[in-house]
*Asks:* 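Shown below is the structure under consideration.
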Amino acid sequence: MSLLPEHLKYAKTHEWALLEGSAVKVGITDFAQEQLGDVVFLELPALGRKVKQGEECATIESVKSASGLNSPVSGEIVAVNSEAAASPEKINEDPYGCWLFQVKADDIAELDNLLDAAAYRTESEG
């Protein structure tokens, strides 16, 4: 696995999470974008949508397949990255620099249910 920032939390479903204040930025991991191939389309969640931890709330499509994206925490969608939706290839260029949506977390402690970099590496290399 090439890139795996230590400061992020990871879901087993290959999303990364970064807490900034009470909002959690969400993107996909380098492993996920490598598996998908060239990303060509994103369907991001609606602003104001309530999501539960682990709930599918967005879709990412590549030349190979389409996959659902899950929210790593419960809460309300407070931002979406319209730049990423307009230019989805940015995900392939920099998966950790290209966040997709932000969730205002109902309970920050849910981040403790996610994996650290070492555990995610072990899980992904399975």
Side-chain angles (χ1 to χ4, degrees):
M1 187 167 304
S2 50
L3 297 173
L4 206 55
E6 296 289 329
H7 68 286
L8 300 174
K9 293 291 222 166
Y10 299 91
K12 290 182 179 183
T13 51
H14 309 294
E15 294 86 13
W16 58 259
L18 174 64
L19 179 62
E20 290 186 341
S22 64
V24 177
K25 279 187 175 177
V26 181
I28 67 166
T29 64
D30 188 48
F31 176 82
Q33 71 83 24
E34 285 176 0
Q35 296 299 306
L36 283 167
D38 293 333
V39 176
V40 295
F41 179 76
L42 280 174
E43 182 180 333
L44 298 175
L47 290 175
R49 177 177 171 180
K50 298 283 190 181
V51 293
K52 299 265 187 228
Q53 185 176 43
E55 177 184 341
E56 186 175 308
C57 63
T59 304
I60 187 167
E61 293 182 17
S62 72
V63 294
K64 291 183 184 178
S65 66
S67 296
L69 298 175
N70 301 325
S71 180
V73 294
S74 301
E76 179 182 345
I77 303 295
V78 294
V80 294
N81 188 341
S82 55
E83 265 186 44
S87 301
E89 68 277 2
K90 291 181 179 189
I91 295 166
N92 293 112
E93 295 164 9
D94 185 11
Y96 298 111
C98 187
W99 62 275
L100 304 177
F101 58 91
Q102 291 183 36
V103 182
K104 183 177 182 199
D106 290 341
D107 182 2
I108 297 299
E110 282 186 335
L111 288 170
D112 295 339
N113 298 332
L114 302 177
L115 306 171
D116 63 15
Y120 177 75
R121 180 176 290 110
T122 300
E123 180 80 21
S124 298
E125 292 174 352

*Asks:* Between A105 and V24, which heavy-atom pair has the shortest distance, and what is it?
*Replies:*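 A105 and V24 have their closest heavy atoms at CB-CG2, 4.3 Å.
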*Asks:* Nearest 0.5 Å, please: how far is OG in S65 from CG in L36?
*Replies:* 5.0 Å
*Asks:* When rounded to the nearest 0.5 angstrom, what is the spacing between CD in E83 and CH2 in W99?
*Replies:*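 Rounded to the nearest 0.5 Å, the CD-CH2 separation comes to 9.0 Å.
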*Asks:* One thing to verify: whether K50 and E76 come together as a salt bridge, which I'm taking to mean a side-chain N less than 4.0 angstrom from a carboxylate O.
*Replies:*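 Here E76 pairs with K50 in a salt bridge, since their nearest N and O are under 4.0 Å apart.
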*Asks:* How about S74 and V51: do any of their side-chain heavy atoms sit closer than 4.5 Å?
*Replies:* no
*Asks:* With a 4.5 Å cut-off on side-chain heavy atoms, are L44 and I77 touching?
*Replies:* no
*Asks:* Return yes when atom CD of E93 has more than 12 non-hydrogen atoms of other residues, nucleotides or ligands closer than 6.0 Å, and no otherwise.
*Replies:* yes
*Asks:* Any donor-acceptor pair under 3.5 Å linking the side chain of D38 with the backbone of V63?
*Replies:* no
*Asks:* Would you mind checking if R49 and E55 are paired as a salt bridge, meaning a charged N to carboxylate O distance below 4.0 Å?
*Replies:*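 Counted as a salt bridge, because a side-chain N and a carboxylate O are separated by less than 4.0 Å.
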*Asks:* Hey, is the main chain of V73 close enough, under 3.5 Å, to the side chain of S71 for a donor-acceptor pair?
*Replies:*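 Checked: pair present.
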*Asks:* Under a single-linkage definition using a 4.5 Å side-chain heavy-atom cutoff for Ile, Leu, Val, Met, Phe, Trp and Tyr, are I91 and F41 assigned to the same hydrophobic cluster?
*Replies:*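 They do not share one cluster, since no chain of ILVMFWY contacts under 4.5 Å joins I91 to F41.
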*Asks:* As an exercise, state the distance from CG of L19 to CG of L114, rounded to the nearest 0.5 Å.
*Replies:* 11.0 Å
*Asks:* Using only atom types and a distance under 3.5 Å, with no angle test, would you say the side chain of W16 pairs donor to acceptor with the backbone of P95?
*Replies:* yes
*Asks:* Is it the case that the side chain of S62 and the backbone of V39 share a donor-acceptor pair, with hydrogens and angles ignored and the cut-off at 3.5 Å?
*Replies:* no
*Asks:* Report whether L42 and L47 are members of the same hydrophobic cluster (ILVMFWY, side-chain heavy atoms less than 4.5 Å apart, transitive linking).
*Replies:*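 Yes.
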*Asks:* May I ask you to test the N113-Q53 pair for a side-chain heavy-atom distance under 4.5 Å?
*Replies:* yes
*Asks:* Hey, does I28 have a side-chain heavy atom less than 4.5 Å from the side chain of I60?
*Replies:*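 Yes - at least one pair of side-chain heavy atoms lies under 4.5 Å apart.
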*Asks:* To the nearest 0.5 Å, what is the distance between OG1 (T29) and CG (L4)?
*Replies:* 8.0 Å
*Asks:* Parallel, tilted or perpendicular: which fits the ring planes of Y120 and Y10, with parallel below 30° and perpendicular above 60°?
*Replies:* parallel
*Asks:* The test is side-chain contact (heavy atoms from CB on, under 4.5 Å); show your working for V26 and Q102 and say whether it passes.
*Replies:* CA-CA 6 Å; V26 181; Q102 291 183 36; over 6 Å; no
*Asks:* Does a side-chain heavy-atom distance below 4.5 Å link L18 with H7?
*Replies:*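 L18 vs H7: side chains touch.
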*Asks:* So L115 and K9, do their side chains get closer than 4.5 Å, heavy atoms only?
*Replies:* no
*Asks:* Identify the heavy atoms of G37 and N92 that sit nearest to each other, and give their distance.
*Replies:*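 Taking every non-hydrogen atom into account, O-ND2, 2.8 Å.
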*Asks:* For residues L8 and Y96, determine if any side-chain heavy atom of one lies less than 4.5 Å from a side-chain heavy atom of the other.
*Replies:*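 Sidechains of Y96 and L8: in contact.
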*Asks:* Any donor-acceptor pair under 3.5 Å linking the side-chain atoms of D30 with those of Q33?
*Replies:* yes
*Asks:* About how many Å separate SG of C57 and CG of L100, when rounded to the nearest 0.5 Å?
*Replies:* 9.5 Å
*Asks:* Do you see a donor-acceptor pair shorter than 3.5 Å between the side chains of N70 and E56?
*Replies:* no
